[in-house]
2 protein chains.
Amino acid sequence: MGYQTNEAASGKEAIEKTASGDFDIALLDLMMPGMSGAETLGELRKISPKTKVIMITAFATVDNAVDAIKKGASDYIAKPFKIEELLTAIRRVLEECRFEEGITKLNLDYTLSSLANPIRRNILKLLQSRKSMRLMEMVRELDIDDHTKVVFHLKMLKESSLINQDKGKSYSLTGEGERILSCLNILKNYLSA
Amino acid sequence: MGYQTNEAASGKEAIEKTASGDFDIALLDLMMPGMSGAETLGELRKISPKTKVIMITAFATVDNAVDAIKKGASDYIAKPFKIEELLTAIRRVLEECRFEEGITKLNLDYTLSSLANPIRRNILKLLQSRKSMRLMEMVRELDIDDHTKVVFHLKMLKESSLINQDKGKSYSLTGEGERILSCLNILKNYLSA
DNA sequence: AACTGCTGTGAATTGTTCTTCACAGAATAC
DNA sequence: GTATTCTGTGAAGAACAATTCACAGCAGTT
């Protein structure tokens, strides 16, 4: 139908391909050589939560179905199935993907443009080493003459919720801020290597 | 002297702290409990190539020194040393850091602002799945009416050397482009989790 | 030789982000 | 209570990024 596809001969291979690629949907048989479909499902959801999984099985039982859905499968189809059945499921799940993608795309834009600015990166780094700082403290540390410049960037960082401010006006990293910063470190190491 | 410091009781701990932090310099004793200084040096250079290492030892031998420098240590100091000796070494190495930082900072700015744009990210994604594409092929796939818009972004990506173009005018990802893209995937998963 | 589609360039325009500056209320120091 | 420092707002403009448009060379077709 024009979809781009890729196949894996085992659960292990599926996991590997998923890790290095960017898949919308995985079609997974419950009975597979090596790692079971259920196990694979669990792993897959862990390493790539955005990839939707459709389980397929010849031995459909309620238990298996419930288990699969609980583990995060998006659909569950019993063999033998009409090809149209599968296509319907794929279309439905793809729509789901597109919707979620729209949402996270916004976040990604936001986050990346936050990180694109060196002053903001320096602020994040400062907060990482000091844990919590006041405005003027940072201004002096960053050696910037106009404090409103720093205020501007702090506002941006607050809006993308990488930092927050307590009642005492102190700024600190949010959990997300910390995660992003560690990812930034990885990136930096990639670049300098 | 106003430097921010942190300590580790073993090589293993040092590696862990380095992985999660952002250190300019590590002072490493050759004789340590558990992992040896030489081993630690190797690991450290692997996970954080930008962190400079100064080796310190009570049993200075030429072999050890040569080995350390070969493995990427920036300096090698024998005990007992005058504190001023150490400080001089630190200052020299720090200067080295500042210089390199200036260089990679440029790259980081470049790369991040490349990734900040959704069109450019889509181009990268396309190239990841298709391996190699021509201009108009992408234009149609991206559903953009003005092809010069795509040309503009392709130019940017070429400049930050995330993609390149062969004689046949086909565009494809560079090694760096692939690495950055996989890092982007990690980031995306962080955000959607 | 004329036509079509591809791959661009360069200039003008629009749009966004960043900086600067004038100002002001709240907290703290004297 | 007055001065000073801190924390911020909002508007104007500068700097930078992205889009649009007119055009042009080249390759292949008819």
Side-chain angles (χ1 to χ4, degrees), chain A residues 105-127 130-174 180 184, chain B residues 105-127 130-174 180 184:
Chain A
K105 195 168 286 172
L106 270 178
N107 281 332
L108 197 64
D109 275 355
Y110 229 56
T111 308
L112 284 173
S113 65
S114 283
L115 295 178
N117 184 294
I119 296 183
R120 288 198 286 265
R121 284 205 302 273
N122 283 334
I123 291 177
L124 290 178
K125 242 169 81 178
L126 258 185
L127 287 175
R130 298 280 223 293
K131 210 174 142 47
S132 169
M133 285 180 94
R134 303 288 296 267
L135 170 62
M136 287 314 284
E137 216 179 326
M138 294 195 223
V139 171
R140 275 185 281 268
E141 194 75 31
L142 295 168
D143 200 31
I144 291 173
D145 29 350
D146 186 348
H147 72 283
T148 65
K149 195 165 162 176
V150 178
V151 171
F152 170 79
H153 290 291
L154 283 171
K155 216 175 180 173
M156 309 242 79
L157 288 170
K158 245 196 305 189
E159 271 171 24
S160 23
S161 70
L162 296 181
I163 66 173
N164 56 20
Q165 197 175 16
D166 62 21
K167 329 88 223 159
K169 302 277 178 190
S170 279
Y171 294 91
S172 57
L173 286 179
T174 61
I180 295 297
L184 196 64
Chain B
K105 196 169 283 172
L106 269 179
N107 281 332
L108 198 63
D109 275 354
Y110 229 57
T111 308
L112 283 173
S113 65
S114 283
L115 294 179
N117 184 294
I119 295 183
R120 287 198 288 265
R121 285 204 304 273
N122 283 335
I123 291 177
L124 291 177
K125 242 170 81 179
L126 258 186
L127 287 175
R130 299 280 225 292
K131 211 174 142 47
S132 170
M133 285 180 92
R134 303 288 295 270
L135 170 61
M136 288 313 285
E137 215 178 329
M138 293 195 222
V139 171
R140 275 185 281 269
E141 194 75 31
L142 294 169
D143 200 30
I144 290 173
D145 28 349
D146 187 349
H147 72 283
T148 65
K149 194 165 163 177
V150 178
V151 171
F152 170 78
H153 291 290
L154 284 171
K155 215 172 175 175
M156 309 241 82
L157 288 171
K158 244 196 304 191
E159 270 171 25
S160 24
S161 70
L162 296 181
I163 66 174
N164 56 20
Q165 197 173 17
D166 61 22
K167 330 88 221 159
K169 303 280 179 186
S170 279
Y171 294 92
S172 56
L173 286 179
T174 63
I180 296 297
L184 196 64

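Proteins come first, then strands; the chains are lettered A, B, ... in the order of their sequence lines, and each starts at number 1. Side chains are part of it too, since the values below use all heavy atoms of this structure and drop only hydrogens, waters and symmetry mates.
- Across the protein-nucleic acid pair, A/Met133 atom CE and D/dT7 atom P stand 11 Å apart, rounded to whole Å.
- When the nucleotides C/dC18, C/dC6, D/dG8 are ranked by their closest atom to the side chain of A/Lys169, D/dG8 comes out on top.
- Between B/Leu115 atom CG and D/dA18 atom P there is a gap of 12 Å when expressed in whole angstrom units.
- An OP1 or OP2 oxygen of D/dT5 is reached within less than 4.0 angstrom by no side-chain nitrogen or oxygen of A/Arg140.
- Look at CG on B/Leu154: it is 10 Å from P on C/dT7, rounded to the nearest Å.
- Between C/dG8 and B/Gln165, a contact under 4.0 Å exists linking OP1 or OP2 to a side-chain N or O.
- One interatomic measurement links the two molecules: CG of A/Leu135 to C1' of D/dC6, which rounds to 7 Å at whole-angstrom precision.
- Here the P atom of nucleotide D/dT9 and the CD atom of A/Glu159 are 10 Å apart, to the nearest Å.
- Rounding to whole angstrom units, CG of residue B/Leu157 and P of D/dA18 are separated by 10 Å.
- With rounding to whole Å, B/Arg121 atom CZ is found 12 Å from D/dA18 atom P.
- Among the heavy atoms of the strands, none lies under 4.0 Å from A/Glu137.
- Dense packing is recorded around CG of A/Asp166, with more than 12 heavy atoms of other residues, nucleotides or ligands lying under 6.0 Å away.
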Please list each protein N or O that sits under 3.5 Å from an N or O in nucleotides 19-22 of chain D, with the distance.
residue, atom, partner, partner atom, Å
D/dT19, OP2, B/His153, NE2, 2.7
D/dC21, N4, B/Thr148, OG1, 3.0

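- The interatomic distance linking B/Lys155 (NZ) with C/dT9 (C1') rounds to 7 Å, in whole Å.
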Handout entry: Evaluation steps, salt bridge (charged side-chain N to carboxylate O under 4.0 Å, His left out), between B/Glu141 and B/Arg130
Key = CA-CA 11 Å; B/Glu141 194 75 31; B/Arg130 299 280 225 292; 2.8 Å; yes

